[in-house]
Chemist: 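Sharing a structure with you now.
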Amino acid sequence: MDIRELVERIKKISKKEINIMEFCGTHTHEIFRYGIRQLLPENIHLLSGPGCPVCVTSEEDIDYIIELAQNYDLSIITFGDLVNVPGNNGSLNYLRAKGKEVIVVYSPLESINIAKQNPNKKYLLIGIGFETTAPNLAFTLIKAKEENIKNLYFLSLHKLTPPAMKAILDMGEIKIDGIIGPGHVSTIIGRKGWEGLFNEYKIPFVIMGFKPEEILYGIYHLVKIIEEEKPALINAYEKSVKEEGNKSALEYMYKVFKKGSASWRGLGIIEDSGLILNETFEEFDIRKIYPQKTKSIKLKNNYCRCGEVLRGVIKPTDCPLFGKSCTPESPKGPCMVSSEGTCSAYYLYGGE
Amino acid sequence: MEDIILLSHGNGGEATRKLIEEEILKYLGNEILEELLDSALIDIKGKIAFTTDSFVVSPIFFKGGDIGKLSIYGTINDLSVMGAKPLYVSVGFILEEGLSLKEFRKILESMRSAVEECGVKVVTGDTKVVEKGKGDKIYINTTGIGIIEDGISWHGRRIEEGDIIIINGEVGEHGLSIMLERLGIKTEEIESDLAPLHNLTLPLLKISNGIKFMRDPTRGGVASVLNEIAQKYNVEIEIDEDKIPVKPWVKNASEILGIDPLYSANEGKIVIVADKKEEKKIMEFLRNHPLGQKAQIIGEIKGKGKRVYLKTKMGTKRILDPLKKDLLPRIC
C-alpha cells in the first residue's frame, strides 16, 4: 500500500480523539523527520516516549562514570551518543576536555583490541542500550573472558523496555489509547516479549517498522483496534520481528546478564528494568570492584514530571521545572535530553 | 632510519633554517617568500578580502585530498565566495615531534600543486614543533588575501521573498568521507568533494548581478548555512528534500551512521541565494561548469522569519534545526 492510500484508510476509520505513544527513539526520530503528524487526522495525537537508551541515562550514573575515571584512573570506552549526556557535574565530553581519556567506539568489540594493545592501562567499557545492543556487549564480554583480558572492566547501563513501559503505565492516570511497539527491540524479544504487559493492561499495542509506510501501516492497525475497542497485540513488522524473537541473541544476552534494577532519568529506580552482570562475569563488573555510593543514588526525582508527560497526562509546560532548571543544556528528564523529546521540542519550538 | 621531525626543527636555529630552506621553500618558494623577511611586503590596490582558517583534520590523508590541499582550498574558498580573486596566502605549521618527513613532503607537494592551481603565492609563514603527544602530526593555519573587482561583490544586496536558494552539487561528501575513512571503510566511490571554488564564483558574479549571498557549507553543512542566513537576514527559508542532490553512497552511509547529509561538511560546495529573475542565466552557467553540473535550486526565501523549513519527500513540512551537538551517530 502506498502512503496516500494508508493515510486515506486511517482517515476513514478514525473517529475518536486518541493519544498514541511511541516508545522508541528511532520512531520518534522518523516521525519527526518525515512529518508524519501532519499526515494524520487532527484527532490522533502522537506522544513521544522516553526516547533513546542514552536519553534515559540518569545523572547519577553519569556522575558515577566520571568519579570512576577520576578516582581510579580508568579510561572510558563508550558509544558516541553518551558523551553529550549531562550528569550533575558535567558530561563525559567535559571529562575528556579535563584530560581524561574517553574513547568513542562504533563496536564494543574494539574495546578488546584497545585493552590488549595497552596492557598497562585500565579501561572501563560502558554498556548502554536496550535489548538491541545488549547481545553485542554480551558477546564482547564472552570474548574478553575467553581471551583472559584483565585490564578491561564493564559498567552495565543496559535497560529493558517492557519493564520500563510497565513502570510508566503503573505511575498513575494514563491517557494513552495505544502504543507503537519498538521494531528493533521486538526483533530481539519477539512479539512474545510483550505478552505479559499486554495481558495485564489490555492496551492496544502494535509493533511497527521504521519506514514511513511501515509506521503508517502500523498506525492504521492501531487505530483500527482502538476504534473497534478490540485491544490486541499485533506484529505489523513481520519481515523483521518473529514470534519468539532472536533466540541466539537472547541466549548470549542471558549468558552474561541477569535482570536487575536500573536508574532512569526522571523516572527513578525501576526494579528489574535493567541488565546487570551475572556471577560468571563478576571479574569485569565495576560495580562489584568500586561500588556506586548508595547515598548518591536518588530514588526518585521528585519534581521532574516526565512520567506524566509520557503518559499524556500533562503538557511539558505544566511541569514546574520546564524551562527553569530543566532545559536542553541541563535536562532533568529524558524528554528534554534528545532534541526530538517532547519537552525539548516544546522548549525549542513552543509545541509547533 | 626514517627521517622525522624533531623538536630541534622548531628551535629557531640551524635545524629550523634547514627545514625552511631545504623543505618548505623547495615546494612553496617564490620571490616574496624567499626573501625570508619578518613580514611580506606586497602591493595591493582596491578593496581587499582577508580571511583565516585552521586545519586539524584527522586522518591527514584521505580519499580526495589531504590536510595540505585542504588548508589551501579552504582559505581560497572563503575568499572566493565573497567574490575576491585570491592573491596571497600565509601558512603556519604546527608539527608534532615524530612526524615523518616523507609525510610532510607529501603534504608540501600537495600544497604546492594547490597553490599553483589557484594562482596564488605563499608570501609568509611560520613553523613550530610541539612535543610528541601534544599535537596530532600536523596542524596548519592559512590566511588569505584577495582583491574584489568593482561591481562584482554581492555584499549589501537585499535578500527578499521569492529569492531562490541554489546548491552547486551533491551535499555531505567531505564529512561522511572522513568519517568512513576513520572507520576504515573504503570503496571506489567514497571521496571528499574538496575543490577550489574561485573559478566558479568569480565568473558567476561577473555574468549575473542577481547573486545576493554565497557561503561554502563546511562544518555544520548546508543546514547550518541556511540557518545562519535565516537568522542574519530575518527571513524564513523553505527547502525541498526532493531537490537536494545526494550521491547514493552518501545516502547509504548517512543512514548507517545516523548523520543527515544536510549537516555533513562539504569542501567544494556553495550555497547561493539569488534573484529569481536570474534563475535561468545562473543555472545555465552552473550546469556547464565542471563544479556545478549537478546544481539544483533547492528552495526559496518565504518572507520574514528566522526559521528554516524542510518539505519532506512525503509532502509534510518540518523545522530544519541548526546543528546543536557533535555529529555523532545514534546507537538505536
Side-chain angles (χ1 to χ4, degrees), chain A residues 2-4 7 24-27 29-40 51-55 78-85 91 93 104-108 110 128-133 136 161 182-185 210-213 215-216 328-329 337-340 344-345 348-349 352, chain B residues 58 133-134 136 175-176 178-185 220 223-224 227 230-231 236 238-242 244 246 251-264 305-332:
Chain A
D2 75 357
I3 283 160
R4 195 169 307 170
V7 171
C24 170
T26 307
H27 273 140
H29 186 264
E30 297 303 296
I31 287 168
F32 171 78
R33 181 170 149 195
Y34 291 106
I36 285 177
R37 283 190 176 86
Q38 294 162 42
L39 294 174
L40 297 173
C52 66
V54 166
C55 310
T78 180
F79 292 131
D81 305 46
L82 190 65
V83 299
N84 290 313
V85 178
S91 62
N93 249 344
V104 169
V105 293
Y106 282 83
S107 159
E110 287 175 52
I128 189 157
F130 293 132
E131 291 87 339
T132 36
T133 51
N136 262 331
T161 36
H184 293 149
V185 167
F210 298 94
K211 290 186 181 147
E213 60 273 21
I215 294 173
L216 287 167
E329 285 72 41
V337 176
S338 138
S339 61
E340 292 129 9
S344 173
L348 294 170
Y349 314 122
E352 203 177 314
Chain B
S58 166
K134 304 284 176 181
D136 191 3
L176 279 157
I178 297 290
M179 195 73 100
L180 292 168
E181 191 90 37
R182 277 185 210 162
L183 292 172
I185 298 169
S224 298
N227 274 284
Q231 273 152 33
E236 186 179 305
E238 187 178 309
I239 61 165
D240 193 339
E241 192 174 23
D242 254 341
I244 298 160
V246 183
K251 189 171 182 300
N252 293 339
S254 73
E255 296 282 337
I256 293 165
L257 297 173
I259 292 169
D260 187 334
L262 282 172
Y263 292 92
S264 169
K306 59 181 166 101
R307 287 212 173 120
V308 182
Y309 291 91
L310 176 90
K311 207 168 108 209
T312 71
K313 289 182 172 152
M314 299 174 60
T316 54
K317 230 170 91 168
R318 71 170 161 91
I319 292 171
L320 191 68
D321 269 333
L323 180 65
K324 284 189 292 284
K325 289 183 177 163
D326 305 353
L327 261 197
L328 291 166
R330 302 188 312 276
I331 57 169
C332 77

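Numbers restart at 1 for each chain; the letters A, B, ... are given by sequence-line order, proteins then strands.
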Chemist: Other residues, nucleotides and ligands only: do more than 12 of their heavy atoms fall within 6.0 Å of CZ on A:Arg4?
Modeler: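 No, CZ of A:Arg4 has 12 or fewer neighbouring heavy atoms, counting only those of other groups under 6.0 Å.
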Chemist: Below 4.5 Å from any heavy atom of chain A, which atoms of B:Thr312 appear? Answer side chain, backbone, both or neither.
Modeler: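 For B:Thr312, the contact with chain A is made by the side chain alone.
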Chemist: Quick check: does any side chain N or O of B:Arg318 sit under 3.5 Å from a backbone N or O of A:Gly35, one acting as donor and the other as acceptor?
Modeler: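 A pair under 3.5 Å: no.
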Chemist: Going from CD on B:Glu241 to OH on A:Tyr34, what distance comes out if it is rounded to the nearest 0.5 angstrom?
Modeler: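 With rounding to 0.5 Å, CD (B:Glu241) is 7.0 Å from OH (A:Tyr34).
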Chemist: What part of B:Leu183 lies closer than 4.5 angstrom to a heavy atom of chain A: side chain, backbone, both or neither?
Modeler: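 Side chain of B:Leu183 only, per the 4.5 Å heavy-atom cut-off to chain A.
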Chemist: Taking the basic N atoms (NZ, or NE/NH1/NH2) and the acidic carboxylate oxygens, is any pair closer than 4.0 Å for A:Arg33 and B:Glu255?
Modeler: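 Yes.
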Chemist: Do B:Met314 and A:Leu216 touch side chain to side chain, with heavy atoms closer than 4.5 Å?
Modeler: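 Yes - at least one pair of side-chain heavy atoms lies under 4.5 Å apart.
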Chemist: Within the 4.5 Å heavy-atom criterion, are B:Thr316 and A:Leu39 side-chain neighbours or not?
Modeler: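 When only atoms from C-beta onward are counted, A:Leu39 and B:Thr316 do touch, with a gap below 4.5 Å.
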